[in-house]
A.B. asks: 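Here it is, the structure in full.
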2 protein chains.
Amino acid sequence: MSERLEAPRYATMRDVAALAGVGVKTVSRVLNDEPNVSDQLKERVNRAAAALNYELNVYAGGLRRSGARTNAIGLMLESVDNPFSAAIHRGVETVMRRHSIVVLAESFDEDPGRERTVVKDFLQRRVDGLILTTVSRDQAYLSAEAARGTSIVFVDRPAVSVAFDSVVSCNFDGALIATRHVLQHGHRRLAFIGGNQQVWTLRERRRGYLEELDRWNIECPPAHDVTGLLGEEEARLAAHAMLDAPEPPTAIFPTQNRLVVGVVRALHERGVQHRVAMVGFDDVELFDLLDPGVTVVAQNPHRLGELAAERLLARMAREPLELETLRVPTRLVKRGSGEIPGPHAADAVNIPRPMGKAGRPRNLSG
Amino acid sequence: MSERLEAPRYATMRDVAALAGVGVKTVSRVLNDEPNVSDQLKERVNRAAAALNYELNVYAGGLRRSGARTNAIGLMLESVDNPFSAAIHRGVETVMRRHSIVVLAESFDEDPGRERTVVKDFLQRRVDGLILTTVSRDQAYLSAEAARGTSIVFVDRPAVSVAFDSVVSCNFDGALIATRHVLQHGHRRLAFIGGNQQVWTLRERRRGYLEELDRWNIECPPAHDVTGLLGEEEARLAAHAMLDAPEPPTAIFPTQNRLVVGVVRALHERGVQHRVAMVGFDDVELFDLLDPGVTVVAQNPHRLGELAAERLLARMAREPLELETLRVPTRLVKRGSGEIPGPHAADAVNIPRPMGKAGRPRNLSG
DNA sequence: GGGTTCGCTGACACCGTTGCCAGACGCGGC
DNA sequence: GCCGCGTCTGGCAACGGTGTCAGCGAACCC
């Protein structure tokens, strides 16, 4: 018995060929279902392969042809255990599985440095394509990949300054509708709670929020416009702080799943969940069972993943497509927390719209 | 402009060597930080590599030495977007990242056929090790891998009939304590709600449940012992059916995250969440904010993943370890739903324990 | 001053597989 | 009987790297 074991020792085609008494190439033919092998040899080869427990080595085979595929793609996500990311992951996996392509998923934890590392990792493994969520302000570091012909699709957040397809949610529309929704319910002192300002989705959501406020000629004081929060706990504390201050908001708009949960917690801790309105961006399981139910702008991350995967496959197949940003609609899900009436509930919908290009507020939420 | 583009064309070491005017081996040395290269050549090579945007090909390099590592492991999970699986995934990733090992994660969706496919896929990619959650009754199909020296660790559910390490939760203990908990609160008509009976975790939880009932000399009628449920919706309907029947249970024990959510929904839909007690197996975000809070036996899936990863690394390093099943404790988290008093609440804790090996019920829940 | 060591460099074989090609064989047509 | 063709088979080179080793100066030690 050897003291220091070796790494797993796989049989090679040479071993199988020797055992079957045939040439290596014949083994290759049999195991790859190529034509022109007699049934007799086929049988011998299969028996030998089974006896040696042979498994094909996909990478060695892929080496031969320079344009060969590894049948793997890289997927970079914020974190594999964030439910939003996980749903994207599953959407991608579902599509890729149909094409026998495996998904290499890695978390980058909103760290631009890690983002580079992960991409490099993928490239060194010669993945056939990349689906990326990015936190970098600029993806110029990928332009060399573009030149090389690597297929890349961005998901959730679009590419900046490089020519790649993107698949994103309608963040602006969703935020605008959410904002209008609480305004129509009579709120005028709203608060915005958001994450990292570098992130495109946050900026879009904030833009939608501010644009609608602007239409109503309402300002959002700095104290009620908080961004840069890193997670549930920071959002919870920020909500508490706002509600402790004089002139607290009557409606809160937290704009990311973790932050919504944090704000919900704060409201419940203070027991004001029935008094202070809230619309969250991102749906979370069980939001419907809370009291009040949590009104949200729901995204469809699974669909984001599917679309990104399909787009990537099309790119990998070199289909002649225009560069495009695909948008997945968001939808307002009313459950109670966003329908709590505000101080101006009575006259809310009758207020003239000073900036209104479309006259009075229209119902976009369907 | 060519009409049909080719696959991404990576520069090779030969290209870099030619541009730098050095031998291929020298390029290899520079890019792998091997000693004995003059600063001058190092500089030239690095410049050439950058100019050509060269990326190492880890698989080609790994081919040379037969015992070479791919620095990748395979992780098979029920589904990457089940929060329980995702937490395991994250635990594994966290540990593996420290060793620059990438994680190939795939979902098997509780399908034994798919399980084989996924494992084969991993093997053909020559992963350095496997972390598997399994649904097969028997993992004999892996004994050849054991012989080959492939490192494998099972997570969440132990290996059957093959000699591999496992990392699991204390399912039996958790279920027993949960059952005792509701019995001590005066319930005598309990209901068990579970998933696939093939799955070890279910059987363990059911065993703990039945053992404690047995100690109290209580039977669980077939109508209240429902297994084989496939998801949230089936659990919801099962709970409704039970509560519609004569002699409904006064306490319910759903034994898996999806099923717990289904039962919670049913209770809320009927408005009986304050009358019918419930203890769930698996914690789910926001359970603490529901009314009543949902009492659960919480697992620690992130820890399961970390431990499995560490164990796998030790195996891959050929450390001389005994074959072992590592157990991660579960803990009872009391939030209200499990403390709803039952019909026998007054005398509950004073009931003699007919089968009690340890006399009267002891508080194991800490 | 000659032998030895050391630092540096590239040629070459080889890792496990597949593309390409040549050769052997059987068979039908003339 | 010879030729051409299709079927079946294996040898060989090549994929993109790395291990091994030999060669070449320069420095070092008696």
Side-chain angles (χ1 to χ4, degrees), chain A residues 6-46 48-49 52-71 123-128 148, chain B residues 6-46 48-49 52-71 123-128 148:
Chain A
E6 292 301 311
R9 197 157 270 297
Y10 285 85
T12 68
M13 275 198 182
R14 207 189 328 280
D15 302 329
V16 177
L19 182 59
V22 300
V24 183
K25 181 62 207 187
T26 300
V27 176
S28 171
R29 266 192 278 261
V30 173
L31 298 179
N32 289 287
D33 277 320
E34 285 175 30
N36 295 338
V37 183
S38 67
D39 289 347
Q40 191 203 353
L41 282 200
K42 227 179 259 185
E43 171 66 17
R44 287 233 303 274
V45 168
N46 281 325
L52 295 174
N53 220 266
Y54 176 76
E55 294 286 350
L56 269 175
N57 182 332
V58 299
Y59 296 121
L63 211 50
R64 185 61 181 84
R65 232 172 73 77
S66 70
R69 302 251 136 135
T70 51
N71 287 317
L123 295 176
Q124 296 192 345
R125 299 195 129 77
R126 295 296 190 268
V127 294
D128 297 332
R148 208 203 298 285
Chain B
E6 291 301 310
R9 198 157 268 298
Y10 285 85
T12 68
M13 273 199 183
R14 209 192 323 283
D15 302 329
V16 177
L19 182 59
V22 301
V24 183
K25 180 62 202 184
T26 300
V27 176
S28 170
R29 268 191 278 260
V30 172
L31 298 179
N32 289 287
D33 277 322
E34 285 175 31
N36 294 339
V37 182
S38 68
D39 289 347
Q40 191 202 353
L41 282 200
K42 226 178 262 185
E43 170 68 17
R44 286 232 304 272
V45 168
N46 281 325
L52 295 173
N53 220 265
Y54 176 76
E55 293 286 351
L56 269 175
N57 181 333
V58 300
Y59 297 120
L63 214 49
R64 184 62 179 84
R65 232 172 73 78
S66 69
R69 303 251 134 136
T70 50
N71 287 317
L123 294 176
Q124 296 192 345
R125 297 196 131 76
R126 295 295 190 271
V127 294
D128 298 332
R148 210 205 295 285

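Quick note on labels: first sequence line is chain A, next is B, and so on, each numbered from 1. Just so you know, these numbers use all the heavy atoms, side chains as well, and skip hydrogens, waters and symmetry mates.
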A.B. asks: Suppose we call a contact any N or O donor and acceptor under 3.5 Å apart; does that hold for the side chain of B:Arg29 and the base of C:dG10?
C.D. replies: yes
A.B. asks: Find which nucleotide of DNA chain C each of A:Ala11 and B:Val27 is nearest to by heavy atoms, and output the residue with the more 5' nucleotide.
C.D. replies: B:Val27
A.B. asks: What's the CZ-C1' distance between A:Arg44 and D:dC8, to the nearest Å?
C.D. replies: 13 Å
A.B. asks: For A:Leu52 and C:dG16, give me the distance from atom CG to atom P, rounded to whole Å.
C.D. replies: 14 Å
A.B. asks: Rounded to whole Å, how long is the line connecting atom CZ of B:Arg9 with atom P of D:dC15?
C.D. replies: 11 Å
A.B. asks: Quick one: is A:Asn57 getting a side-chain N or O under 4.0 Å of the C:dG16 phosphate, OP1 or OP2?
C.D. replies: no
A.B. asks: Which nucleotide, C:dT17, C:dG10, C:dT9, lies nearest any side-chain atom of A:Met13?
C.D. replies: C:dT17
A.B. asks: Can you tell me if A:Tyr59 touches the phosphate of C:dT18, counting only side-chain N or O atoms and a distance under 4.0 Å to OP1 or OP2?
C.D. replies: no
A.B. asks: Just N and O in the side chain of B:Asn32: are any of them under 4.0 Å from OP1 or OP2 of D:dT18?
C.D. replies: yes
A.B. asks: Would you mind reading off the bend of the helix from C:dG1-D:dC30 to C:dC30-D:dG1 from its two end axes, five pairs each, to 10 degrees?
C.D. replies: 50°
A.B. asks: Strictly below 4.0 Å: does A:Thr26 bring a side-chain N or O up to OP1 or OP2 of D:dC8?
C.D. replies: no
A.B. asks: Can you tell me if A:Arg126 uses its side chain to pair, donor with acceptor, with the backbone of B:Leu56 under 3.5 Å?
C.D. replies: yes
A.B. asks: A:Leu41 CG to C:dA24 C1': how many Å, rounded?
C.D. replies: 14 Å
A.B. asks: In whole Å, I'd like the distance from the CG atom of A:Leu56 to the C1' atom of C:dT18.
C.D. replies: 11 Å
A.B. asks: Round to the nearest Å and state the distance from A:Leu63 atom CG to D:dT18 atom P.
C.D. replies: 12 Å
A.B. asks: Is there a donor and acceptor pair, one atom on the side chain of B:Lys25 and one on the base of D:dG17, closer than 3.5 Å?
C.D. replies: no
A.B. asks: Rounded to the nearest Å, what distance is computed from the CG atom of residue B:Asn71 to the C1' atom of nucleotide D:dT18?
C.D. replies: 15 Å
A.B. asks: For D:dG17, does either OP1 or OP2 sit under 4.0 Å from a side-chain N or O belonging to B:Tyr54?
C.D. replies: yes
A.B. asks: Taking only N and O in the side chain of B:Thr12, is any of them less than 4.0 Å away from OP1 or OP2 of D:dC15?
C.D. replies: no
A.B. asks: Return yes if some donor-acceptor pair links the side-chain N/O of B:Arg44 with the main-chain N/O of B:Ala20 below 3.5 Å, else return no.
C.D. replies: yes
A.B. asks: Does A:Ser28 put a side-chain nitrogen or oxygen below 4.0 Å from OP1 or OP2 of C:dT18?
C.D. replies: yes
A.B. asks: Which part of the nucleic acid, if any, lies within contact of A:Val58, taking any heavy atom under 4.0 Å across all strands shown: a base, the sugar-phosphate backbone alone, or nothing?
C.D. replies: nothing
A.B. asks: Name the one of A:Val45, A:Asn46, A:Leu31 that satisfies side chain to side chain contact (heavy atoms under 4.5 Å, CB included) with A:Tyr54?
C.D. replies: A:Leu31
A.B. asks: Using the side-chain heavy atoms of A:Arg64, tell me which of these nucleotides is nearest: D:dG19, C:dG19, C:dG10.
C.D. replies: C:dG19
A.B. asks: So what does A:Arg14 touch, heavy atoms closer than 4.0 Å: a base, only the sugar-phosphate, or nothing?
C.D. replies: sugar-phosphate
A.B. asks: Would you kindly give the CZ-to-P distance between B:Arg125 and C:dG16, to the nearest whole Å?
C.D. replies: 19 Å
